[in-house]
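Below is one structure, written out as structure tokens; comments come after it.
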Amino acid sequence: MSTSTAAMAAAPGGLHLVGRRLPRAVFPAIGAGAVAATVVLYVLAPITSRIQFVLIAGALYLIGQTVASIAVEGSRRATDRGVTTLVYLAFLLAVIPLVAVLASVISKGAQRVDVNFLTHSMRNIGARDAGGGIYHALIGTLEQIALASLLAVPFSLLVAIYLVEYGRGRISRTISFFVDVLTGLPSVIAGLFILAFYILALEQKPTGFAGALALTILMIPVVVRSAEEMLKLVPNDLREASYALGVSRWRTIVKVVLPTALPGIVTGVMLAVARVAGETAPLLLTIFGTDSINFNPFSGPQSALPLYIYSQAGQPQQVAIDRAWGAALTLIVLVMLLNAAARLIARLARVR
Amino acid sequence: MATRIDVSGLTAYYGKFRAVSDIHFSIEPKSVTAFIGPSGCGKSTVLRTLNRMHEVLPAARVEGRVLLDGEDLYGPGVDPVNVRRAVGMVFQRPNPFPTMSIYDNVVAGLKLNGTRKKSLLDERAEESLRGANLWEEVKDRLGRPGAGLSGGQQQRLCIARAIAVEPQVLLMDEPCSALDPISTLAIEDLITKLKSSYTIVIVTHNMQQAARVSDTTAFFTLDRTGDPGRLVEMDRTEKIFSNPTEKRTEEYITGRFG
Ligand SMILES: Nc1ncnc2c1ncn2[C@@H]1O[C@H](COP(=O)(O)OP(=O)(O)O)[C@@H](O)[C@H]1O
Ligand SMILES: [Mg+2]
């Protein structure tokens with residue numbers, strides 16, 4: 001094998017198996033050239049914006065690289081390099097907003113978040129007072145998310161199982177259609193629905209539970225869709241292997257199919273949790289908000305982090321706006337912690 | 001414990017498509033029967049009708065009778081789940097459960113059907129792994145994932161899993177086609193050993209394999225693509241390979257067609 005390869009490479013007549021490549025050092029040089037050319041342009045022409053500087057330098061780099069690559073390596077490799085560079089640029093553009101949001105929330109919220117902030121409510125604190133905290137909102141959010149997940153996850157899993165494992169024909173298509181419709185439902189409509197049909201028509205009081213109901217409506221389509229995709233990915237071989245052992249269909253689903261799809265399902269659930277954890281509009285109409293601590297989601301109004309952010313950020317005093325940033329940072333960290341915890345649990349459930 | 005199988009008037013459909021038509025044959029207890037024939041002639045289809053796995057696919061259905069020791073698998077009120085406990089199956093591609101350890105894979109059939117007793121499960125796991133000639137290779141890592149084994153080991157794990165539920169009949173659909181020659185030999189040895197306790201039916205594309213392991217060989221074919229497959233002849237393996245009755249069979253095993 002190795003001798004024949006060597007013989008081929010040495011063969012006269014040349015198959016041109018080895019193409020010419022640009023040396024690595026060329027690319028930083030092109031980059032430096034592009035920046036230098038842009039600086040020159042800055043001196044000569046009245047360009048002022050920094051964004052323009054970056055765009056012009058980027059475009060010049062792309063042109064320079066393409067010309068050099070065509071000259072040395074041919075057009076196929078030049079196209080490859082050009083597209084690769086564009087992909088990196090697009091990636092950078094996509095990451096900028098994410099990093100910018102995180103950075104500004106951390107820089108504005110970090111100084112406000114401390115133990116006192118996390119363990120005190122807004123009871124007897126006026127908008128102008130510097131103290132106060134988010135304890136009541138944190139409790140509210142945790143309880144509402146937990147309740148909504150408790151309602152939405154089992155229900156959505158059953159729907160997904162029906163759609164993938166049992167559903168055939170018209171019923172399944174109809175359910176699928178309604179799940180799609182639900183996916184596009186504006187969140188305020190979910191809140192209005194609970195307000196109209198639970199609070200007003202059934203004469204209930206606004207409570208954390210009413211908020212959880214609205215969040216449930218928003219979670220269901222996300223969990224159904226993602227669980228459905230994950231269940232479809234489970235190879236049919238595994239189902240057949242289980243049937244062939246004389247295991248019934250339902251046990252096969254519970255003991256073989258679901259565990260195999262579990263990591264993906266957990267991800268989907270966490271996406272849904274992350275989505276509803278930041279919902280404001282439906283809570284506005286269902287939990288009403290309060291400044292005091294209310295541990296009981298089934299009676300009396302509750303607060304929630306997004307609602308707290310909304311009400312604090314709407315006030316003119318800097319102390320209130322600082323509280324809003326602190327709550328925003330807490331909400332982001334909370335969602336990330338929940339996510340990490342869920343992944344850890346899913347990982348522990350796996351055999352190694 | 002092993003069981004005889006009598007098939008009569010068996011026709012299997014995928015939706016409107018008739019895959020095999022009017023099959024008749026009998027299989028003796030504690031024998032190895034090989035199904036051979038060109039691709040698409042319905043060997044897998046017939047095999048899967050023997051434990052009611054055919055109907056797992058949507059719109060697939062079966063006509064005719066399959067008697068297991070005289071009892072019709074397709075009779076009224078027969079529960080396919082019970083049929084599959086009596087007739088186990090090993091698939092072409094090894095398919096251990098990826099979320100389970102080696103141990104849990106072997107006892108999956110028992111556990112999923114409600115056996116809890118640890119001592120019984122332990123005993124059956126060792127027995128089945130020994131039966132599948134895999135015990136020595138895995139006894140120190142029973143808690144590791146089954147998917148971490150080599151292809152040949154995985155296939156033997158699947159055989160161990162199938163025999164752990166103590167079926168009467170073992171169906172194998174090209175169990176060696178994804179394996180290297182050494183693993184293939186290991187499985188063939190295993191089949192010869194298992195014959196003393198089970199009735200075995202094996203689909204194979206490898207004629208030497210059919211000649212080596214089987215007592216009886218059934219040759220299937222189809223006349224044209226789109227036509228249903230049919231059973232051409234079934235006889236003692238030596239006879240099929242030395243002096244078959246039908247011309248089609250001879251042409252196939254001498255490599256003149258298919
Ligand atoms: N799931 C299926 N759906 C529709 N047709 C199928 C399916 N499986 C097999 N068939 C058809 O049934 C015929 C027999 O297939 P099969 O039993 O797999 O043949 P073999 O195992 O002998 O190669 C073929 O024509 C094949 O295309
Ligand atoms: Mg086949």
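Just so you know, these numbers use all the heavy atoms, side chains as well, and skip hydrogens, waters and symmetry mates. Proteins come first, then strands; the chains are lettered A, B, ... in the order of their sequence lines, and each starts at number 1.
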Does a side chain donor of either [X] or [Y] reach within less than 3.5 Å of an acceptor in the other side chain?
| X | Y | answer |
| --- | --- | --- |
| B/Glu63 | B/Thr11 | no |
| B/Ser183 | B/Asp180 | yes |
| B/Tyr14 | B/Thr45 | yes |
| B/Asn82 | B/Arg52 | no |
| B/Asn51 | A/Tyr243 | no |

(message) Counting only non-hydrogen atoms closer than 4.5 Å, does A/Ser242 touch chain B with its backbone (N, CA, C, O), its side chain (CB onward), both, or neither?
(response) both

Which bit of [X] is near chain A, if near means a heavy-atom gap under 4.5 Å: side chain, backbone, both or neither?
| X | answer |
| --- | --- |
| B/Phe97 | both |
| B/Val90 | neither |
| B/Pro80 | neither |

(request) Check step by step if side chain to side chain contact (heavy atoms under 4.5 Å, CB included) holds for A/Val335 and A/Leu338. (result) CA-CA 5 Å; A/Val335 169; A/Leu338 287 177; 5.6 Å; no

(message) Counting heavy-atom pairs closer than 4.5 Å to chain A, which one of B/Arg48, B/Arg84, B/Arg93, B/Met89 comes out on top?
(response)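 Counting heavy-atom pairs under 4.5 Å, the top option is B/Arg84.
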
(request) Output the option from B/Leu171, B/Val165, B/Asn113 having the highest count of non-hydrogen pairs under 4.5 Å with chain A. (result)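 Maximum pair count with chain A is reached by B/Asn113.
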
(request) For each of A/Glu240, A/Arg251, A/Lys255, tally heavy-atom pairs with chain B at distances under 4.5 Å, and name the one with the top tally. (result)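 The option with the most such pairs is A/Glu240.
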
